[in-house]
2 protein chains.
Amino acid sequence: MTQVPTRERLLDAAGDLFYKHGFQAVGLDQILDTVGITKTAFYKHFASKDDLIVAILDHRDQREMEEWMAYIRIRGRDDARRQLEALFELLDDWFKNPEFRGCLFLNALTEFPSENDPINRAARKHGEHLAAAVMELASHAGAAEPGALTEQLMLLVTGAIASRHRGGDLDAAKTAEAMAKVLISSACGPAARRR
Amino acid sequence: MTQVPTRERLLDAAGDLFYKHGFQAVGLDQILDTVGITKTAFYKHFASKDDLIVAILDHRDQREMEEWMAYIRIRGRDDARRQLEALFELLDDWFKNPEFRGCLFLNALTEFPSENDPINRAARKHGEHLAAAVMELASHAGAAEPGALTEQLMLLVTGAIASRHRGGDLDAAKTAEAMAKVLISSACGPAARRR
DNA sequence: CCAGAGGTTGACTCCGGGTACACCACATTC
DNA sequence: GAATGTGGTGTACCCGGAGTCAACCTCTGG
């Protein structure tokens with residue numbers, strides 16, 4: 001019976017609560033109640049609530065990047081172009097989840113708008129990681145200007161998430177996917193499909 | 001000497017603070033200090049902080065819609081297609097402002113994620129107003145499917161704002177504008193320009 | 001055997017949202 | 001000329017959340 005260490009349980013439980021209700025809206029006590037420890041115990045794991053948030057963002061960044069890349073590899077086979085397109089299929093799957101509340105990292109960015117804030121930094125890193133991954137796929141796909149395509153696709157991804165979050169467009173992922181396919185085709189040439 | 005009524009000053013000052021630092025991050029006291037009144041006086045104007053936020057969102061929705069439509073009419077002349085494109089020029093101007101901190105309404109949506117929350121409702125209304133305006137322009141521009149074009153353009157607008165807010169793409173408006181022009185052309189026919 | 005990690009209880013500070021009460025000044029209206 | 005409403009003031013207060021502190025417990029490994 002290897003018990004799940006408290007630190008992990010804190011990261012999980014607090015992450016879920018923050019995602020559902022927002023970072024500032026969730027009190028420490030609420031987190032401590034669900035995990036079942038006391039305040040003093042908490043402060044032996046994390047220096048502050050902010051520290052906890054940073055740890056959550058780092059942890060989820062890593063986890064989500066792995067999950068997303070795995071999904072993309074499976075759905076996109078060995079075709080970099082198809083993999084780029086799979087990114088939007090992933091979004092569609094995600095948006096169908098009734099628990100969807102936007103992107104944790106984008107949410108963190110708006111709740112902690114100061115650029116010096118460690119939380120803000122941690123949240124921005126996720127965007128950079130995703131952009132780097134897209135950039136690599138764009139290069140592999142033979143895009144004429146991988147950088148430009150990356151900015152376009154990232155804007156579509158961000159826009160789809162924010163649109164769906166706003167509640168206006170329930171099929172935001174499909175909307176974005178249609179645009180993405182056009183962009184990918186025109187950037188990589190209409191036919192060629194490379195590794 | 002018609003003094004600016006306190007209610008207006010509260011809306012302005014609190015709106016600015018909320019935009020800069022976030023809704024939950026700004027305390028009532030901070031607002032009261034900048035306006036120069038006491039807590040008791042505040043509660044004679046608004047029932048609560050939430051009530052104040054709703055009033056600010058309503059107020060700014062109206063103001064921003066007027067400003068945006070005026071900008072679009074000036075830059076787009078009497079050409080609905082050019083007016084749609086002008087929307088992205090407006091974004092570019094906005095993004096150049098160093099005070100840019102994202103969209104107040106999108107920010108409100110992430111800080112108050114509960115759909116029942118009056119603040120959430122008020123923030124969503126702004127998106128609906130803007131979408132309605134875009135829809136009308138899309139119809140005037142002779143789009144084959146105005147609804148589809150509206151969803152695409154709204155996604156680009158939202159994506160540009162969120163991308164710029166994320167800090168990844170400083171030229172997000174240009175990126176979105178390029179995509180928008182293609183979409184508008186293909187939806188309305190490559191040449192025709194109507195009122 | 002002892003140190004250290006992870007835990008407990010309980011009391012405490014400070015700050016923010018919100019309330020209650022008593023009071024003041026001025027303009028309008030009966 | 002008194003009454004009332006509006007927009008203020010000041011002070012004292014309650015509650016909940018973040019964070020601190022001190023004293024103590026228990027299990028585990030060198």
Side-chain angles (χ1 to χ4, degrees), chain A residues 1-57 59 107-108 111-114 116-120 122, chain B residues 1-57 59 107-108 111-114 116-120 122:
Chain A
M1 276 296 290
T2 336
Q3 295 226 15
V4 180
T6 306
R7 190 188 154 90
E8 307 290 316
R9 286 165 53 219
L10 276 168
L11 289 176
D12 280 358
D16 290 349
L17 286 171
F18 287 148
Y19 182 62
K20 257 182 220 168
H21 310 291
F23 294 94
Q24 325 233 38
V26 174
L28 256 193
D29 292 350
Q30 203 179 336
I31 299 167
L32 302 182
D33 282 353
T34 60
V35 173
I37 61 169
T38 59
K39 208 175 268 194
T40 321
F42 170 81
Y43 282 101
K44 291 195 175 161
H45 292 276
F46 299 96
S48 64
K49 188 186 178 184
D50 283 13
D51 188 37
L52 168 67
I53 294 175
V54 169
I56 289 172
L57 292 177
H59 188 243
N107 294 352
E111 285 204 54
F112 303 92
S114 164
N116 307 317
D117 194 319
I119 297 176
N120 192 288
Chain B
M1 275 298 290
T2 337
Q3 296 228 14
V4 179
T6 306
R7 189 186 155 92
E8 306 291 316
R9 286 164 55 220
L10 276 169
L11 289 176
D12 279 359
D16 290 348
L17 286 171
F18 288 148
Y19 182 61
K20 258 182 220 168
H21 310 291
F23 295 94
Q24 325 234 35
V26 174
L28 256 193
D29 292 350
Q30 203 179 337
I31 298 167
L32 302 182
D33 282 353
T34 61
V35 174
I37 61 167
T38 60
K39 207 176 270 194
T40 320
F42 169 81
Y43 282 101
K44 291 197 174 158
H45 292 276
F46 299 97
S48 63
K49 188 186 179 184
D50 283 13
D51 188 38
L52 168 67
I53 295 175
V54 169
I56 288 172
L57 292 177
H59 188 243
N107 295 351
E111 285 204 54
F112 304 92
S114 164
N116 308 318
D117 194 320
I119 297 177
N120 192 289

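In this text, all values refer to a predicted model and were calculated from it rather than measured experimentally. Convention: sequence-line order gives letters A, B, ...; per-chain numbering from 1.
We find that CZ of A:Phe42 is positioned 16 Å from P of D:dC21, with the value rounded to whole Å. Between B:Asp51 atom CG and C:dG17 atom P the separation is 15 Å, expressed in whole Å. Spacing between atom NZ of B:Lys39 and atom C1' of D:dC14 amounts to 11 Å, rounded to whole angstrom units. The interatomic distance linking A:Phe23 (CZ) with D:dA18 (P) rounds to 14 Å, in whole Å. Distance, A:Ile31 CD1 to D:dG17 P: 11 Å, rounded to whole Å. Rounded to whole Å, the distance from CG on B:Leu32 to C1' on C:dG18 is 12 Å. One interatomic measurement links the two molecules: CZ of B:Arg9 to C1' of D:dG7, which rounds to 12 Å at whole-angstrom precision. Computed from coordinates, the A:Tyr43 OH to D:dA22 P distance equals 17 Å when rounded to whole Å.
Rounding to the nearest 0.5 Å gives a distance of 9.5 Å between CD of A:Gln24 and CZ of B:Phe112. Here B:Leu11 contributes atom CG and B:Ile31 contributes atom CD1; the two are 10.5 Å apart, rounded to the nearest 0.5 Å. To the nearest 0.5 Å, atoms CD (A:Glu8) and NE2 (A:His45) are separated by 10.5 Å.
With distances taken from any side-chain atom of B:Ala41 to the nucleotides D:dG7, D:dT9, D:dG19, the minimum falls on D:dT9. Side-chain proximity of A:Thr40 to the nucleotides D:dA22, D:dG7, D:dT20 is greatest for D:dA22. Considering only side-chain atoms of A:Lys49, the nucleotide from D:dT9, D:dA18, C:dT19 that sits closest is D:dA18. For A:Ile37, whose side chain is taken as the heavy atoms from C-beta onward, the closest listed nucleotide among C:dT8, D:dG7, D:dA18 is C:dT8. Distance from the side chain of A:Leu28 is smallest to D:dA18 among C:dG16, D:dA18, C:dT8. The side chain of B:Ser48 approaches C:dG18 more closely than any other nucleotide in the set C:dT8, C:dG18, C:dC21. The listed nucleotides are C:dG6, D:dT9, D:dG19; the one nearest the side chain of B:Lys44 is D:dT9.
B:Leu52 and B:Phe18 make their closest contact through CD2-CE1, 4.2 Å (heavy atoms, listed as atom of the first residue, atom of the second, distance). When all heavy atoms of A:Ala108 and A:Ile119 are compared, the closest pair comes out as CB-CG2, 4.3 Å.
Here B:Thr38 reaches the OP1 or OP2 of D:dT9: one of its side-chain N or O atoms lies under 4.0 Å away.
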